[in-house]
There are 2 protein chains.
Amino acid sequence: MSKQNEELKKAGLKATLPRIKIMEVLASTAIQEEAHFSAEDIYKELISNDEDIGLATIYRVLTQFEAAGMVTKHHFENSKAVYEINSDEHHDHMVDVDTGKVMEFHDEELEKLQHEIAKKKGYELVDHSMILHVRKIES
Amino acid sequence: MSKQNEELKKAGLKATLPRIKIMEVLASTAIQEEAHFSAEDIYKELISNDEDIGLATIYRVLTQFEAAGMVTKHHFENSKAVYEINSDEHHDHMVDVDTGKVMEFHDEELEKLQHEIAKKKGYELVDHSMILHVRKIES
DNA sequence: GTCCTTGCAAAGCTTTTGCATCGCT
DNA sequence: AGCGATGCAAAAGCTTTGCAAGGAC
């Protein structure tokens, strides 16, 4: 029984082939810039691997994964939503406006500040999304 | 000749009735929390004011306004995009995950911190988008 | 065997586009 | 008058849903 198998069970989901395959695609790259998949990205990837999985299933499964906290859904500026597998460690994104390169970073002070800002307004911070648009400093 | 009229001309857009009316709706509330309109919000508002303006026109006009830097388009987590009139002053957004209510805030320390984070990586901050997802604290 | 899951197709929603008409300058 | 702007309806995305068949436990 694989690790993914267990993770699915833990989320109350049956370990079906579509779900396992989708999970594999989401986890398939170590390259940060490529770690964001739209439903169709996953669909095409599976088709090209001769896995016969319907697009509707992918949408349903991604929704379940998101509810289970296994993936995060981003909207960015495009029309399509993209999904990213959740790692243990929280991070934010920095995008180079010239090259499109996506970098990740984590700053504890920033996290703390966000909690404080929410608290000051009478709210608790559930989550946040932040993207810094940056440009390389000429040297 | 109204102020809006001039602003439209400056953007290279003819001062037509639909554009003026849409601008008026966007500028119609002093309440920051309610300053986000979807295309349909604007459409309904105009219809209820007996202005006969097509939804397609609203989409076209909003796209033009965005290109001219007069409004900012946000996606938040919903399916609909919302538009906000650009004020001189920068602010970020906080969304109540239970009610969908959007609030605005500005925190100088946060802004400074973002610049520092970018700088530390050898970049200058061009822009940023940040949304805090929050929940009301039970009292 | 039971109940959850899947695939397909159809429907739903938001947004965009083609085209003839209209209106600002 | 000229050319951009509008309205309507149709089309185009992306995503969700109904339903019958299939699969996990």
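Letters A, B, ... are given to chains in the order of the sequence lines, protein chains preceding strands, and every chain is numbered from 1. What you are looking at is a predicted structure, and each value in this text was computed from that prediction instead of being measured.
Taken residue by residue, residues 66-75 of chain B places no heavy atom nearer than 4.0 Å to DNA chain D.
A:Lys80 has its NZ atom 14 Å from the P atom of D:dT16, to the nearest Å. When rounded to the nearest whole Å, the span between CD1 of B:Ile53 and P of D:dC8 equals 11 Å. Distance, B:Tyr43 OH to D:dA9 C1': 12 Å, rounded to whole Å. Spacing between atom CG of B:Asp41 and atom C1' of C:dT14 amounts to 13 Å, rounded to whole angstrom units. Atom CD in A:Gln64 sits roughly 12 Å away from atom P in D:dT16 (whole-Å rounding). At whole-Å resolution of the value, CD1 in A:Ile20 and C1' in D:dC25 are 14 Å apart. Following rounding to the nearest Å, B:Ile58 (CD1) and D:dA5 (P) show an atom-to-atom distance of 16 Å. In this entry the distance linking CZ of A:Arg19 with C1' of D:dG22 reads 14 Å, nearest Å.
A:Asp96 has no carboxylate O lying under 4.0 Å from a charged side-chain N of A:Lys136, or vice versa, which leaves the two without a salt bridge. Between B:Glu7 and B:Lys10 there is no salt bridge, since no side-chain nitrogen of the basic residue lies less than 4.0 Å from a carboxylate oxygen of the acidic one. A salt bridge links A:Glu24 to A:Lys21: one of the charged nitrogens lies within less than 4.0 Å of a carboxylate oxygen.
Of the N and O atoms on the side chains of A:His128 and A:His115, not one donor lies less than 3.5 Å from an acceptor on the other residue.
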So which protein nitrogen or oxygen atoms get under 3.5 Å of nucleotides 17-19 of chain D's nitrogens or oxygens?
{"unit_1": "D:dG18", "atom_1": "O6", "unit_2": "A:Arg60", "atom_2": "NH1", "d": "3.3"}

Between the protein and nucleotides 23-25 of chain C, which nitrogen or oxygen pairs come in under 3.5 angstrom?
{"unit_1": "C:dG23", "atom_1": "N2", "unit_2": "B:Lys14", "atom_2": "NZ", "d": "3.1"}
{"unit_1": "C:dT25", "atom_1": "OP1", "unit_2": "B:Ala15", "atom_2": "N", "d": "3.3"}

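No side-chain heavy atom of B:Asp92 sits less than 4.5 Å from a side-chain heavy atom of B:Glu104. In this structure, the side chains of A:Val134 and A:Val95 stay at 4.5 Å or more apart for every pair of heavy atoms. Between A:Thr72 and A:Tyr83, every side-chain heavy-atom pair lies at or beyond the 4.5 Å cut-off. With contacts defined as side-chain heavy-atom distances shorter than 4.5 Å, the pair A:Arg19/A:Gln64 qualifies.
The 5' end of DNA chain C is approached more closely, in terms of each residue's nearest nucleotide, by A:Pro18 than by the other of A:Pro18 and B:Ser79.
Checked against D:dC14, C:dT14, C:dT6, the side chain of A:Glu40 finds its nearest nucleotide in D:dC14.
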Could you check B:Glu108 against B:His106 for side chain to side chain donor-acceptor pair (under 3.5 Å), going step by step and ending with a plain yes or no? CA-CA 7 Å; B:Glu108 202 49 58; B:His106 176 80; 3.0 Å; yes
Could you go step by step and tell me if A:His74 and B:His75 meet the side chain to side chain donor-acceptor pair (under 3.5 Å) rule? CA-CA 10 Å; A:His74 296 283; B:His75 261 94; over 6 Å; no
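Hydrophobic clustering (side-chain heavy atoms under 4.5 Å, transitive across Ile, Leu, Val, Met, Phe, Trp, Tyr) keeps B:Leu17 apart from B:Phe65.
Within a 6.0 Å radius of CD in A:Glu109, no more than 12 heavy atoms belonging to other residues, nucleotides or ligands are found.
Under the side chain to side chain contact (heavy atoms under 4.5 Å, CB included) criterion, A:Ile85 pairs with A:Met23, A:Leu26, A:Ala27, sequence neighbours left out.
In the helix from C:dG1-D:dC25 to C:dT25-D:dA1, the end axes, each obtained as the rotation axis mapping the C1' atoms of four pairs onto the next four within a five-pair block, lie 40° apart to the nearest 10 degrees.
Listed by first and then second residue, the side chain to side chain donor-acceptor pair (under 3.5 Å) pairs involving residues 37-50 of chain B are B:Ser38-B:Asp41, B:Glu40-B:Lys80 (not counting sequence neighbours).
Among the protein residues, B:Ala81 comes within range of the sugar-phosphate backbone only, with heavy atoms under 4.0 Å from sugar or phosphate atoms but none that close to a base.
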